[in-house]
Amino acid sequence: MSRFTGLIPLALVRPFNALGGLLLLVAAMLPWATFLLNDGPFPEKSTLQYFDAPFELTGFRWHLLVFGVVALVTTFVPLRGKDRVLRALGWGGLVIGLVCGYFIAENGGGFGAITAADGASAFGSVVAVLGGLLLILGSMAKPLDEIPEWPTSLFGLTGMAARLEAYAYLIVAFAGVLWLVTQTLTAGGIGGAAFPYAGPIFLAFLGFAGGLLGALHGIGLTRWVSHLSEKHRAFSIIVLLACAFLLPFPFTGAGSQYWMQVAAVIGVYAATAIGLNIVVGLAGLLDLGYVAFMGIGAFVAANLSGAVASQVGLDLPFPVAALIAAVIAGIFGAIVGSPTLRVRGDYLAIVTLAFGEIFTRAAQNNIGELTGGASAIPGVPQVTMFGTAFNEKITLFGAELPSGVLYYFMIVLVVGAIMAVFANLKNSRMGRAWIAIREDEDAARAMGIRTGKAKILAFLVGAMLAGLAGAIFVHKLGTASYDSFKFLESVTLLAAVILGGMGTIPGAVLGASLLFVLPEKLREFDDFRLFFFGLALVFIMRFRPQGLVPDRHRRAELAGETAEGKPIETEEEQAVLEHEERGHAGPSAPKEDRA
Amino acid sequence: MSAAQHRAADTVLEASGVTMIFGGLTALNDVSIRLEEGRIVGLIGPNGAGKTTLFNCLTGLYTPTRGSVRLRGKSLPSDPAKVTSAGIARTFQNIRLFPNMTVLENVLVGRHIRMKQGPIASVFHGPVFRKGEAAARAKSRELLEFVGLRGVETEVARNLPYGDQRRLEIARALATEPEVLLLDEPTAGMNPQETEAARQLIFRIRDTGVSVVVIEHDTKFIFSLCDTVSVLVQGEVLVEGSPETVRDDPRVIEAYLGKPREEVEADVAEAAAQQQREDS
């Protein structure tokens, strides 16, 4: 229940929602920019003078149309969780309107660009913002409905039939995920001088994706899918891997060298973030110098792989070099971890911060001739297996895949493996010990947990994963430079873990994707993008401190929610209780809505 | 009288001459207590008498300045983790569960030292791992059942009612398979019904062969529970003996209770009645 509950009278809910939906729909059909901007026409034919066919909608205008229609329909049909759906659609519309409106006004030199100037008018963004606001207001009349529970089998099937039914849903769901991922990757195209509006289009797309996911969450679909995928874990993993492998194929639109590059980089950082999640999310040890382990892995791999500038003179095959890199990074992890036997909390953060700095400075000064100093170690050879260098184009099933796709495949496999390692560790004696230490170190010791050993092990495992990611990173990049492993990277990784949700796998992957794809997308902002990061982090920490995909423990701690982690029976009890509460407080949702 | 009292009394836990000095403060001065197998020993005393400090010495959280603690004749290591492995488990005065872990996970953490999963097995989850994990879960559920927690195993510990949190803490301690269980104020804040349930639970724990040391302020509870009672005042053992001896000892009445017995009992009865009224 938010403090805005009851802001508007109940009688206004339906008019507000209907009008909000209508406004979104209208906004989609209005022009958005009054005149041609200096950087060229705003996308999707939204500039007045290109606005010849209002009904041929594409891009963000099409998204708004969808939102508007869905909002209108939802307003008038009985649907469980509909206020959450409408609220999510409202936020989506608001973001799209604000982002596009802001950019047009900014580039057009004032509000004339999005309202009226020289006798011409284009109110699209204003109307969209209004529509979004009305929908959000409409959700503030009463406490939000419970998110409905769906039965595992929609047709009441059991046994094998139910299993097949679930498989079918999961395939559809993951196909949707694949679509959303490719759309997100390619939304706005490649940023930079060639296309000045990549940033706003991408941000507007995020508004659409967020609104869509929020609406699906509101009707209980996302929770249902996650229940299904938990129940059929092995199958889900297979489908998810299959989707990941389908991404580079031409039909997805993301099958270009550039997007493979971006996806591979995201994958490397996601792997590192999962490793960091063991240290920070599970064991609760704040590590501010984590990227140093990635750096150690990178330099070890670079030196062992026969790079011209390498002083070691060995030319080991990639898997061996990567393994050694991981082990050496792990050893360093254990060494850095040992002071954690004595220091806690803030002091540990400073120790790790210092270690990260020592690493960067040492690498910058070419310590032991191993890091190349400011000139780095160039010419790290490409990974080559079965006579194919990983940066070559390949042809698979008759489709020509872009260069870099083999790195992408390898990283998908590595990330998958690291996910499995993380999940297994978390649900083991070791993982429980880590979480216990995070929760209450003295109580953990009273349970017989050797906290010192456990912490060192957390550092060791986390560092090994980072070292492995570093080895892949350096082969892909071809150069090992201290510049890639600075304090800022550690902070960004930490931000990725916190933003995504501490202690969860999807959280770390989502956080890493957001934080490392945004810079690609927001190139035209240069250093301002850091400002946006900061702002986004502040807002997320204020409004969703448990992260985007929180785990059960954090959710309970930070959001005060109890329902989501519980089995269905108790959750229903809770729903009944809250329903009764609402009954006392005022008129509740119509009965048929809950049937 | 229970069968346990007729058994040959083996000493399980023995603290002799334990002295604990913090800076200039002598928290414990030459304290000796003895716990025989299958017995329940009570520790009472005013606030600040050093009861919890003694517990901390018995569990390795503090290393006594002088004196020794022996479990079955063996000197205890000065590391709480090793003490727990040796067979002493405890609960805390102010409940210290792992608040954001589920009820079952809390007990599973208690199984930590009795499980044999290495890091490698934890990564790969092979058949041996799964067997051990399943056994640990079964044992944990059994313990939850034993302390009377049903149907809440997936609930997050912090959401449990107060009394259930106390039970969970006991289940977690029992999961370490202790020989000696130290309970620090197990009934603090409980109503008479809950206190009685706790008393029965402690008897049942004793009947499984675990020896118990209990700190409690509720004298009525202690006297009806324990085989022997030690009164700790200002870091020293004032009186030690059977509940009857301790209850009738004038020094105890003077130093600890401060009033004649009849009045105290009347007070206790009234307090209980008052609490009952408040609860209903």
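Residue numbering restarts at 1 for every chain, and letters A, B, ... go by the order of the sequence lines. Computed from heavy atoms alone, side chains included, the values below leave out hydrogens, waters and symmetry copies.
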query: Between B:Lys82 and A:Arg450, does a side-chain contact (heavy atoms from CB on, under 4.5 Å) hold up when you go through it step by step?
result: CA-CA 8 Å; B:Lys82 289 180 189 162; A:Arg450 309 281 173 89; 3.6 Å; yes
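- Residue A:Leu425 touches chain B through both its backbone and its side chain, counting heavy-atom pairs closer than 4.5 Å.
- Taking every heavy atom of both residues into account, B:Thr84 and A:Arg445 meet most closely at OG1-O, 3.9 Å.
- Expressed to the nearest 0.5 Å, how far OG1 of B:Thr176 lies from CD1 of A:Ile449 amounts to 11.5 Å.
- Using a 4.5 Å cut-off between heavy atoms, B:Phe129 contacts chain A through its side chain alone, with no backbone atom that close.
- The distance from atom CZ of A:Arg429 to atom CZ of B:Arg111, rounded to the nearest 0.5 Å, is 11.0 Å.
- At most 12 heavy atoms of other shown residues, nucleotides or ligands fall within 6.0 angstrom of atom CZ in B:Phe124.
- By the salt bridge (Lys or Arg N to Asp or Glu O under 4.0 Å) test, B:Glu194 is found to be paired with no residue, residues two or more places apart in sequence or in another chain being considered.
- Judged as a salt bridge (Lys or Arg N to Asp or Glu O under 4.0 Å), and not counting sequence neighbours, B:Glu142 has no contacts.
- Proximity to chain A is limited to the side chain of B:Asp79, based on heavy atoms less than 4.5 angstrom apart.
- With a threshold of 4.5 angstrom between heavy atoms, B:Leu61 approaches chain A through side-chain atoms but not through N, CA, C or O.
- With values rounded to the nearest 0.5 angstrom, A:Arg438 atom CZ is found 6.5 Å from B:Asn100 atom CG.
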task: Take A:Asn424 and B:Val123 through the test side-chain contact (heavy atoms from CB on, under 4.5 Å) and record every step on the way to the result.
output: CA-CA 5 Å; A:Asn424 280 356; B:Val123 167; 5.6 Å; no
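- Taking a 6.0 Å sphere around CZ of A:Phe422, one finds it holds more than 12 heavy atoms contributed by other residues, nucleotides or ligands.
- Per-residue counts of heavy-atom pairs under 4.5 Å with chain A were compared for B:Leu108, B:Thr59, B:Val152; the largest is that of B:Leu108.
- One finds a salt bridge joining B:Glu133 and A:Arg432 here, because a Lys/Arg side-chain nitrogen approaches an Asp/Glu carboxylate oxygen to under 4.0 Å.
- B:Ser122 and A:Met430 make their closest contact through OG-CB, 4.1 Å (heavy atoms, listed as atom of the first residue, atom of the second, distance).
- Between A:Met447 and B:Arg172, the closest heavy-atom pair is SD-CG, 3.5 Å.
- Closest of all the heavy-atom pairs between A:Ala436 and B:Val109 is CB-CG1, 3.9 Å.
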